[in-house]
Structure formats: structure tokens, C-alpha cells
Amino acid sequence: MEKAFLVKYGEIGVKGKNRHIFEEALVRQIEHALKYVDGTFKVTRPQGRIFVEGEGFDEDEVIEALQKVFGIVWICPCYMTEDNGFDDLAREVCAAMAKKLGDKPFTFKCESRRARKNYPLDSMELSRELGGKIVEAFPNATVDVHHPQYLVETEIRERINFHWEAYKGQGGMPVGTSGRAMLLLSGGIDSPVAGYMIAKRGVCLDATYFHAPPYTSERAKQKVVDLAKQVAKYSGPINLHVVNFTDVQLAIYEKCPHDELTIIMRRYMMKIAEHFAKEDGDLGLITGESIGQVASQTMESLFVTNSVCEMPVFRPLIGFDKQEIIAISEKIGTYETSILPYEDCCTIFVAKHPVTKPRLGPIMRSERKLEEVIDDLMKEAIENTETILCK
Ligand code: ATP
Ligand code: MG
């Protein structure tokens, strides 16, 4: 009898050819997640099932790693055994349960599946017989068919597997099943959450961060690298482009009305991010914007920012309150890093009273004042970009 894990995934929408793609991507993501766990692992995909088998692992560590993989709905620590007849199976089930549950009282129900039809008991008989053996072995166990504490599931294949525990997975779609997109990642609370949410739908992430040395420090940059690494625990490796934005920002500061600084700066951020997005094969941009959160996120501001982009811009947090976003960032483990008090390149050049209802015409007129310098400055910023693989 060996310990293993049965991985259950949502099957809605993964019929036919899609199912194959979904399962292959899921296996890839599981293998990736397990690279960071002690032990050796083998992920197998017998028809309609995914198993993780291995040696020298700690069960809790494996569960924790699998709980970060999108596409998994349940993780069931299970046992794999050879078919040596029903009595032998019943003994193994009872022994495994005794080891985990001791003699505390519990309720249970047995369910069985017979994928191999030559097994002498059908699934109803197997459940009934096994239930009887469990009641015999555990004086404190009672059957509860409606709300059992433990659902003891047994599956007869070439080998037999059984389990009675299940840990909730992330749900969503395996990364790699829905194309790629470029995340504008700042050191704030919102953008890491936005990246997480899009990755959860199966999208591979690239990222761009704008910093403004010496106005922003090396620590502020490291914070963003750390955030990218935390998001990467879910999304898989992220290529983070770190753009030196200082000269672009200084030019805007020098030439444009100060109440328009933020909105103009954001338009250039989008433009540069879109440049890298095209290079990386991304089909959209992702931001952490949410309506009304700050002056640059009113409907008018979003319209003006959006107008500069050719690609679709995805804003998964658009209708969320800050508290809801914070709750997700705490859950995914980015909050503690996000609230570290390092300066952000946007906060350095902000005006006291930024426009809250910008209009595209006047903003574009202000941008004309940059005409002579901006192309060179953007080109320079792009050429001097450092790309860091975060995993
Ligand atoms: P966040 O908490 O994600 O920083 P925020 O509430 O501070 O968001 P803004 O500063 O207006 O809001 O930024 C809105 C979005 O623009 C961010 O969610 C992010 O996607 C992008 N962004 C802002 N600053 C940067 C930056 N320095 N580098 C990359 N993207 C940025
Ligand atoms: Mg910010």
C-alpha cells in the first residue's frame, strides 16, 4: 500500500478535445508546483483521473503546493494498492483509517467505482461489504448516508485506490489553457491580486514594473520582484520587465500641466507595457484598477487611459471594494509585502489636486508639448529595460 494523491478537477466545459488540453496543462502545472517540494514525484493521467505518486515527501507540503495550482478542485490524499482480493482490501482500508483516525468516534459512508468490470463485487456490493468491515473494526464508527464526516471512496482499476479525505483546491483553469497577458505590476495591493485573478482563468502572465531611480529605491524594486515571485507560486514563472521611467516622468513633469501628471504618466505606462506585451506574445494588458478608488480611476480617467491602448485592457478588480481586494491579497499571501512602506514612482510626481474628470482632447493637446523628446525617451526606456525571471 502506497500513499498518493488523487487530484479532482472541474469537468464543466472540458469536454471533447478541450479535455485533453486541460489535463495536459494541469499535469504540467502540477509538475511545476512539485519542483519546489522535497521528494520525487510522478504525475500520471489514467483515463479521467490525475494521480500524484512519489517517494520521500511530506503529505502536508504536497497538499499545500497542490492548493496553489489552478484547475484543481479537490486534493485527496489516497492509498494505492494491488488487487489481492476483497478481504485484503478491507484490511488495508481499516488499517489506514485506524492510523489516521485512531479510535475517536466518526460517521462515514462508502462509495465505490468499478472502472475494471471483472472485479467480483459490483460497486454497490463493494460499498456495502466495505462499510460492514469498517463498522466491525471501529466500534465508534456509524454510517451516515446523508452527511457523513468521511466519504470513503474506493476505485477499482488495474490497481485499487481509496481515500476518505479531501482538501479544497483553487478551482479555476490550469495556467496555459487561455493564452498570455501583460500585468502592470506595481508595489501596491491591487495589481498582484489582479494578476492572480487573471492567471486563475488559465492565462500565462508577463509583467512590467515602472520605477524611477533615484526617486524610488532599490528596495521598492525588490518589493515588486518579491510580489511577482508570490504571484508566480500560482501562475508559474513570470518574466518581469523593469522599466526605468525617470526621464519620461521628468519630461512630463517639466512640460505638462501638473494636475494632469498622473493621467499622462499612466498613458505612457500603458504604451510601454503594450510594447513589451507585443514582444512577449501577449493578447491583453492587466491592471489593478477599480472604479473610483483614486483620481486616476474615475470613469473619465479610465476612458482616457484606455484610449491610448490598442490591446484590450483587463481590469478584474473593477467592481471590487478595497476591503474585498485586501481579503484576497491576504489569502494569496501578497498583502504583507504590498503594505511595506516604500515609495512608488507615481506618488513622487503627484499633484495636490489631480484632474478627476480628464477629457481626451485636452490631455492629447498637453501631450503634444512632449512631441520633440518623447519618442527618444520612450525608446531609451525600452532599450534600458531589465528583465527578471521571477519564480
Ligand atoms: P496598486 O495597489 O496595484 O498599485 P493603486 O491603487 O495604487 O494600485 P494606481 O497607482 O492608480 O492604483 O495604479 C493603477 C494600476 O496601474 C495598478 O493597479 C497597476 O496595474 C498600474 N500601475 C501603477 N503604478 C505602476 C508601476 N509603477 N508599475 C507598473 N504598473 C503600475
Ligand atoms: Mg499604486
Side-chain angles (χ1 to χ4, degrees), residues 181-198 205-213 215-217 220-225 227-228 230-231 238-246 248-249 252 261-277 282 284-302 304-306 308-309 311 313-318 320-326 328-330 332 334-351 354-356 358 381 385-388 390:
M182 174 63 75
L183 170 65
L184 280 87
L185 182 63
S186 69
I189 294 170
D190 307 328
S191 45
V193 173
Y196 161 87
M197 290 185 66
I198 296 291
L205 298 182
D206 295 297
T208 305
Y209 164 58
F210 296 89
H211 73 156
Y215 302 97
T216 61
S217 64
K221 172 180 144 187
Q222 188 56 43
K223 174 183 171 184
V224 177
V225 171
L227 285 171
Q230 274 149 5
V231 175
I238 297 176
N239 260 317
L240 173 69
H241 304 289
V242 179
V243 183
N244 183 333
F245 203 47
T246 314
V248 174
Q249 267 189 302
I252 300 171
L261 289 182
T262 306
I263 191 83
I264 293 175
M265 183 188 77
R266 299 202 39 76
R267 280 166 55 87
Y268 284 105
M269 278 189 183
M270 298 303 256
K271 256 192 197 174
I272 295 176
E274 198 170 60
H275 168 87
F276 289 112
D282 299 319
L285 303 174
I286 306 163
T287 75
E289 290 160 312
S290 128
I291 297 173
Q293 206 187 73
V294 287
S296 59
Q297 297 176 25
T298 60
M299 218 43 173
E300 290 83 355
S301 300
L302 290 167
V304 172
T305 312
N306 208 89
V308 81
C309 304
M311 280 186 190
V313 182
F314 300 111
R315 301 177 172 88
L317 307 181
I318 199 71
F320 281 36
D321 290 343
K322 196 74 185 185
Q323 276 313 319
E324 296 171 305
I325 301 170
I326 288 174
I328 302 175
S329 78
E330 285 176 332
I332 67 175
T334 52
Y335 185 70
E336 291 302 320
T337 308
S338 288
I339 59 171
L340 292 173
Y342 307 139
E343 60 300 308
D344 172 355
C345 78
C346 321
T347 51
I348 284 161
F349 298 94
V350 290
V355 282
T356 54
T385 292
E386 176 193 7
T387 300
I388 302 171
C390 302

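Order of appearance sets the numbers: ligands from 1, and atoms from 1 within every ligand. Residue numbers start at 1 and run along the sequence shown.
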Check ligand 1 against T208 and write out every atom of the ligand that is under 4.0 Å from a heavy-atom position of the residue. 29 (C)
Distance filter under 4.0 Å to S296 heavy atoms, resulting ligand 1 atoms: 11 (O)
For L185, atoms of ligand 1 separated by under 4.0 Å from a heavy atom: 28 (N), 29 (C), 30 (N)
Stepwise, does the side chain to side chain contact (heavy atoms under 4.5 Å, CB included) test hold for T287 with M270? CA-CA 10 Å; T287 75; M270 298 303 256; 3.8 Å; yes
Where ligand 1 meets T287 - atom numbers and elements under 4.0 angstrom, heavy-atom basis: 20 (O)
May I ask you to list the atoms of ligand 1 that are less than 4.0 angstrom from any heavy atom of Q297? 6 (O), 9 (P), 11 (O), 12 (O), 13 (O), 14 (C)
Distance under 4.0 Å to a non-hydrogen atom of G188: what atoms of ligand 1 satisfy this? 1 (P), 2 (O), 4 (O)
Scan side-chain atoms only and decide if S191 and S186 contain a donor-acceptor pair under the 3.5 Å cut-off. yes
Donor-acceptor check, side chain of T208 to backbone of A273, threshold 3.5 angstrom: yes or no? no
Is there any N or O on L184 that sits under 3.5 Å from an N or O of ligand 1? yes
One should read off an interatomic distance between L240 CG and F276 CZ, to the nearest 0.5 angstrom, of 10.5 Å
Residues L227, V231; criterion side chain to side chain contact (heavy atoms under 4.5 Å, CB included); working and verdict: CA-CA 6 Å; L227 285 171; V231 175; 5.5 Å; no
How long is the gap from CG on D206 to CG on L285, to the nearest 0.5 Å? 11.0 Å
Given side chain to side chain contact (heavy atoms under 4.5 Å, CB included), test L205 with I286 step by step and report yes or no. CA-CA 9 Å; L205 298 182; I286 306 163; 3.6 Å; yes
Quick check: does I286 get an N/O under 3.5 Å from an N/O on ligand 1? no
I'd like the name of whichever of L227, V313, I189, V294 reaches closest to atom 2 (O) of ligand 1 through any heavy atom. I189
Going by distance only, is there an N or O of S186 that falls short of 3.5 Å from an N or O of ligand 1? yes
CD1 of I325 to CD1 of I189, rounded to nearest 0.5 Å, is 8.5 Å
Atoms of ligand 1 close to D190 [distance to a heavy atom under 4.0 angstrom, numbered from 1]: 1 (P), 2 (O), 3 (O), 5 (P), 6 (O), 8 (O)
Give a yes/no verdict on whether any heavy atom in H211 is under 4.0 Å from an atom of ligand 1. no
Under 3.5 Å: N/O of G288 near N/O of ligand 1: yes
How far does CG of L184 sit from NE2 of H241, to the nearest 0.5 angstrom? 11.0 Å
